[in-house]
Amino acid sequence: MNSWTDFFSFSTFGAALLLSIIGLWFTVVIPGIDRWSRRFFMSYFTVFLLCCVSNIIEVILQYYNVPRAVFIFLLLLESLLLSLPLLMLTAYLLHCCGENMHSSKLLYAVFSLWSVYVILLVSTLFFDGFMYITSDDLYFRGPLYSLPLVPIIVALLLNFAGTIQRRAQLSRKVFLAFLIAILPIAVALIVHLFINRWQDTPTS
């Protein structure tokens, strides 16, 4: 493995983990947040914290020849956890603005992108171009590994744009809370997009 890549990944996901913990702390201590919103953001940051932890565990296990089933489980868990906050943020944004979720174009767009992501995620199990595990249980990310992240990044941008567009309908606290909530997942996506493999091909 590339030690510089490992160090960068640990550092960046450590920062994202710290942001999640700070987000949880702010959610608990900031006054004036209603119970529904407080529970939502506690759930949001908990999901993202678990995502960061699973990624850090994945990086650590790169040093060991663990069974491939363990890697597959961690990768799918991490990827699904990473995508869930996007749907949560969209639903909460619409809730705060009093919009009908059943007729929201934003929700349908984000859900459609998330569905594409899930389809691409499942396809990674059948095509080596996304990822593959060698006969000696070494895990490698292929050249197409970042492809499933594209719809998630677009959904993230839609959420960000939707938040900016609706800022007049949100209180200053809620508006800032949305921006803070988007930041950790943006950090994680950037790492996945640009540091998208530990090695291109296995080495002897």
Side-chain angles (χ1 to χ4, degrees), residues 8-61 73-99 101 104 106-107 109-111 113-115 117-118 121 148-149 151-167 169-195:
F8 185 84
S9 297
F10 270 120
S11 300
T12 308
F13 269 96
L17 183 63
L18 180 61
L19 286 172
S20 299
I21 295 173
I22 293 174
L24 277 172
W25 181 77
F26 270 109
T27 300
V28 172
V29 302
I30 290 180
I33 300 180
D34 62 273
R35 180 178 298 181
W36 199 96
S37 298
R38 195 182 300 276
R39 288 179 177 176
F40 168 82
F41 282 107
M42 288 186 68
S43 299
Y44 172 87
F45 285 113
T46 298
V47 168
F48 192 76
L49 187 148
L50 292 174
C51 178
C52 292
V53 170
S54 67
N55 184 273
I56 292 173
I57 292 174
E58 175 203 328
V59 174
I60 293 174
L61 291 182
F73 173 77
L74 282 174
L75 290 171
L76 291 178
L77 176 64
E78 172 193 334
S79 299
L80 288 174
L81 287 173
L82 184 62
S83 67
L84 287 178
L86 289 172
L87 292 173
M88 295 171 67
L89 281 175
T90 307
Y92 186 66
L93 176 63
L94 298 175
H95 170 80
C96 290
C97 296
E99 297 184 27
M101 296 188 187
S104 172
L106 176 62
L107 183 59
V110 172
F111 182 78
L113 289 166
W114 181 80
S115 299
Y117 169 76
V118 172
L121 181 63
L149 296 177
I152 290 297
I153 292 174
V154 175
L156 176 65
L157 294 175
L158 285 178
N159 271 337
F160 181 77
T163 302
I164 298 298
Q165 184 181 14
R166 293 167 174 80
R167 64 185 181 277
Q169 304 175 48
L170 303 170
S171 67
R172 186 173 183 274
K173 288 183 180 179
V174 173
F175 177 70
L176 291 177
F178 270 110
L179 296 183
I180 293 172
I182 289 174
L183 181 59
I185 195 171
V187 172
L189 286 171
I190 290 172
V191 173
H192 270 283
L193 184 61
F194 294 102
I195 309 298

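We use all heavy atoms of the structure for the numbers below, so side chains are in, but hydrogens, waters and symmetry mates are not.
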Next item on the list: Step through the shown structure and confirm whether more than 12 heavy atoms of other residues, nucleotides or ligands are within 6.0 Å of CZ on R39.
Entry: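 No.
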*Hey, is CE on M101 packed in by over 12 heavy atoms from elsewhere, all under 6.0 Å?*
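Correct, the count exceeds 12.
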Closest approach of [X] to [Y] (non-hydrogen atoms, all atoms of both residues):
| X | Y | answer |
| --- | --- | --- |
| L93 | N159 | CD2-O, 4.5 Å |
| V47 | L81 | CG1-O, 3.6 Å |
| L87 | F111 | CD2-CA, 4.0 Å |
| S83 | I152 | CB-CD1, 3.8 Å |
| P148 | Y117 | O-CD1, 2.9 Å |
| L113 | V154 | CD1-CG1, 3.7 Å |

message = Could you tell me if the side chain of F45 sits less than 4.5 Å from the side chain of I21, heavy atoms only?
response =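 Counting from C-beta outward, I21 and F45 never come under 4.5 Å.
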[atom1]-[atom2] distance between [X] and [Y], expressed to the nearest 0.5 angstrom:
| X | Y | atom1 | atom2 | value |
| --- | --- | --- | --- | --- |
| L106 | E99 | CG | CD | 7.5 Å |
| S54 | L77 | OG | CG | 5.0 Å |
| S115 | L121 | OG | CG | 12.5 Å |
| T90 | L158 | OG1 | CG | 8.0 Å |
| Y44 | L49 | OH | CG | 12.0 Å |

Query raised in the report: Which of parallel (below 30°), tilted (30 to 60°) and perpendicular (above 60°) describes F41 and Y92?
Result: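 Answer is perpendicular, since the angle exceeds 60°.
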